[in-house]
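Lettering of chains follows the sequences in order, A, B, ..., and the numbering in each one begins at 1.
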There are 2 protein chains.
Amino acid sequence: MVGRLVENLELYGRLSELDRRAIAALPLTLRRFEPGEDMVIEGDAPSHCRLLISGLAFRHKTLRDGRRQIMSFHVPGDICDIEGLLLSMDHSVSALSRAEVGFIPHLAMEALLDGHPAISRALWRTELVEAAVAREWMVGMGRRTAYARIAHLFCEMYARLGAMGLVENGRCRFPITQTHLSDSLGLSVVHTNRVLQALRGDGLLSFRGGELIVHDWPGLQAAGEFDPAYLHLRSVAA
Amino acid sequence: MVGRLVENLELYGRLSELDRRAIAALPLTLRRFEPGEDMVIEGDAPSHCRLLISGLAFRHKTLRDGRRQIMSFHVPGDICDIEGLLLSMDHSVSALSRAEVGFIPHLAMEALLDGHPAISRALWRTELVEAAVAREWMVGMGRRTAYARIAHLFCEMYARLGAMGLVENGRCRFPITQTHLSDSLGLSVVHTNRVLQALRGDGLLSFRGGELIVHDWPGLQAAGEFDPAYLHLRSVAA
DNA sequence: CGTGAACTTGAGATTTCTCAAGCGGGGTGG
DNA sequence: CCACCCCGCTTGAGAAATCTCAAGTTCACG
């Protein structure tokens, strides 16, 4: 159940057997979410952490008039609302696809962190990587064209999913709509659609029915000015 | 020397006398940076943490062709490269104004964190707040007009500086150029300049020679769609 | 008095947006 | 089993925001 979490935490350094056993012993309540369903809402002060076990999720803020900004995507092994441990939520988290989520009581989490500095440090590190990703998104929204921005996002997800073994033969599932894509990148759906066609036309990728196919990985990286260093992964999808 | 840091860490909950004394006992080497000088550079793997003692600093990434994106501003009491403790730097940090910086060896920092869970937690919380600010910037760059974006940034800094007691009579020092402003918000200098004039013309603020004067705080907040909740401050400048 | 950085202005070029409408497939009720 | 409907995708076209280029101004500083 927590396999992906341990994997995630061990990306940069092994945990002790003791640490691993403590994680495995976490009390976990399972729940399933349907696509689009909210897992936490802005303003909540959650009493549990939500560990994504299968499926994808995303963080977002929605303004009064309906404009929405998606701020990150989450893959299995991520805790989607870790900040809820210390702060109230200033944004919402929703399921992208059908998702299985493990609920871990804050009390258990706090005990785990206080008793296991190595886990605390590893979890903090995943947090820092998330912040690095957020900064890279800022660079994109502030300083890159729509074309580069879209290319970059696909590079990022391709690399992240690849690192989890979810890329096969240049293909991976990435079940988002063009609306999600637009809301991630700060674009209109219309423009996103046209730029997507350009990327396809340039032979870089196809994206259809929630499946991403990368036809020209070096070309796509160049188009997106993608340098995976900020992901702090150990290896990158070939 | 570390007064601001303790203040910062105690924003949400007191530390014990023991914790406070441990912080005060940190070995600290002082160094001064001139405006624009780099404190850490992308790619560095620092061996010390940089605690900002006086002055302002900012994080940024610069692309090959010179486009730059500023990703955050830092005030006294912030550790500007805390992620260097666990990761290599994927961006640079530079001094905005003349700044005094305390260098703390990573070894001392690690010992402090491992021995004092409360400090570890408090520091993590400041990190989470930073991430929240980053998300709000994303909303701005993705979904707000230049006018709202500029207003919002000034609201944010006014609130943050106000919370530190650095606002007096609706005025505060915020020593950035219009170029910095543009690079923070993903705008061209020309456009920034014109929008700034509009904000001044609408009687919301003046910004000249690195001094921000807020003439109409409610109006400015409305223009920027500013809701300080994401800053997770205890109080907001009046 | 000369110089450079920051700021300002003008004007045309681009990117991206908005509005409006048509298309297509999967799901549902009759 | 079929018609209908909705959501997501696509296209067209004019509008708006923002950018780039180019030059002029101001002011602090040496």
Side-chain angles (χ1 to χ4, degrees), chain A residues 34-37 58 63 65-70 94 96-98 140-153 173-201 205-213 223, chain B residues 34-37 58 63 65-70 94-98 140-154 173-201 205-213 223:
Chain A
E34 294 305 313
E37 199 179 343
F58 65 105
L63 307 181
D65 63 358
R67 279 171 299 161
R68 180 175 69 166
Q69 178 67 43
I70 292 178
S94 307
L96 199 56
S97 55
R98 170 172 294 189
M141 291 200 283
R143 291 302 181 209
R144 286 198 253 259
T145 64
Y147 188 87
R149 237 183 286 181
I150 295 183
H152 194 279
L153 179 60
R173 296 237 71 231
F174 183 34
I176 68 173
T177 66
Q178 294 187 7
T179 303
H180 287 119
L181 203 49
S182 314
D183 287 342
S184 310
L185 301 169
L187 299 169
S188 70
V189 192
V190 172
H191 197 55
T192 298
N193 177 274
R194 290 198 240 256
V195 174
L196 219 36
Q197 292 177 49
L199 283 162
R200 200 181 302 143
L205 59 77
S206 328
F207 180 62
R208 205 167 201 98
E211 188 184 43
L212 168 66
I213 308 179
Chain B
E34 294 306 312
E37 199 179 345
F58 65 105
L63 306 182
D65 63 356
R67 279 171 299 162
R68 180 174 70 167
Q69 179 66 43
I70 293 177
S94 307
L96 200 55
S97 55
R98 170 171 294 191
M141 290 200 282
R143 291 303 182 209
R144 287 199 252 261
T145 64
Y147 189 88
R149 238 183 284 180
I150 295 183
H152 194 280
L153 179 60
F154 280 124
R173 295 237 72 230
F174 183 33
I176 68 174
T177 66
Q178 293 186 9
T179 302
H180 287 119
L181 203 49
S182 315
D183 287 342
S184 310
L185 301 168
L187 299 169
S188 69
V189 193
V190 172
H191 197 55
T192 299
N193 178 276
R194 291 199 239 258
V195 174
L196 219 35
Q197 291 177 50
L199 283 162
R200 200 179 304 144
L205 58 78
S206 330
F207 179 63
R208 206 164 200 102
E211 188 183 45
L212 169 66
I213 308 178

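For C/dT18, the OP1/OP2 oxygens have no side-chain nitrogen or oxygen of A/R67 closer than 4.0 Å. The side chain of A/N193 contributes no N or O atom lying less than 4.0 Å from OP1 or OP2 of D/dC9.
If you take CD of A/Q178 and P of C/dC17, they are 14 Å apart, rounded to a whole angstrom. Here the P atom of nucleotide C/dT9 and the CZ atom of B/R200 are 9 Å apart, to the nearest Å. Whole-Å rounding puts the A/F207 CZ to D/dT10 P distance at 10 Å. If you measure from atom NE2 of B/H191 to atom P of C/dT8, you get 15 Å, rounded to the nearest angstrom. Atom CZ in A/R149 sits roughly 13 Å away from atom C1' in C/dC17 (whole-Å rounding). If you take CZ of B/R143 and C1' of D/dT18, they are 16 Å apart, rounded to a whole angstrom. One can place CG of B/L187 at 17 Å from P of C/dT15, the figure rounded to the nearest angstrom.
You'll find that the side chain of A/T145 is closest to C/dT16, out of C/dT16, C/dT8, C/dC17. Nearest to the side-chain atoms of B/A146 among the listed nucleotides D/dT18, C/dT8, D/dT10 stands D/dT18. The side chain of A/T177 lies closest to D/dG8 when the candidates are D/dT20, D/dT10, D/dG8. Listed candidates were D/dT11, D/dC9, D/dC21. Nearest to the side chain of A/V190 is D/dT11.
Only one option out of A/R68, A/Q178, A/Q69 pairs with A/D183 in a side chain to side chain donor-acceptor pair (under 3.5 Å); it is A/R68. Checking each of B/I70, B/L181, B/L212 against B/I176 for a side chain to side chain contact (heavy atoms under 4.5 Å, CB included) leaves exactly one that passes, namely B/L181.
Here B/G186 lies in heavy-atom contact (under 4.0 Å) with sugar-phosphate atoms only.
The aromatic rings of A/F174 and A/F207 lie tilted to each other, with the angle between the two planes from 30° to 60°.
Between the side chain of A/R208 and the base of D/dG8, no donor-acceptor pair of N or O atoms lies under 3.5 Å.
The pair B/E211-B/R173 does not meet the salt-bridge criterion, since no charged nitrogen lies less than 4.0 angstrom from a carboxylate oxygen.
For the residue pair A/R149 and A/L185, the shortest heavy atom distance occurs at NH1-O, 2.6 Å.
Nearest-nucleotide mapping onto DNA chain C: of A/S188 and B/T179, the residue sitting toward the 5' end is B/T179.
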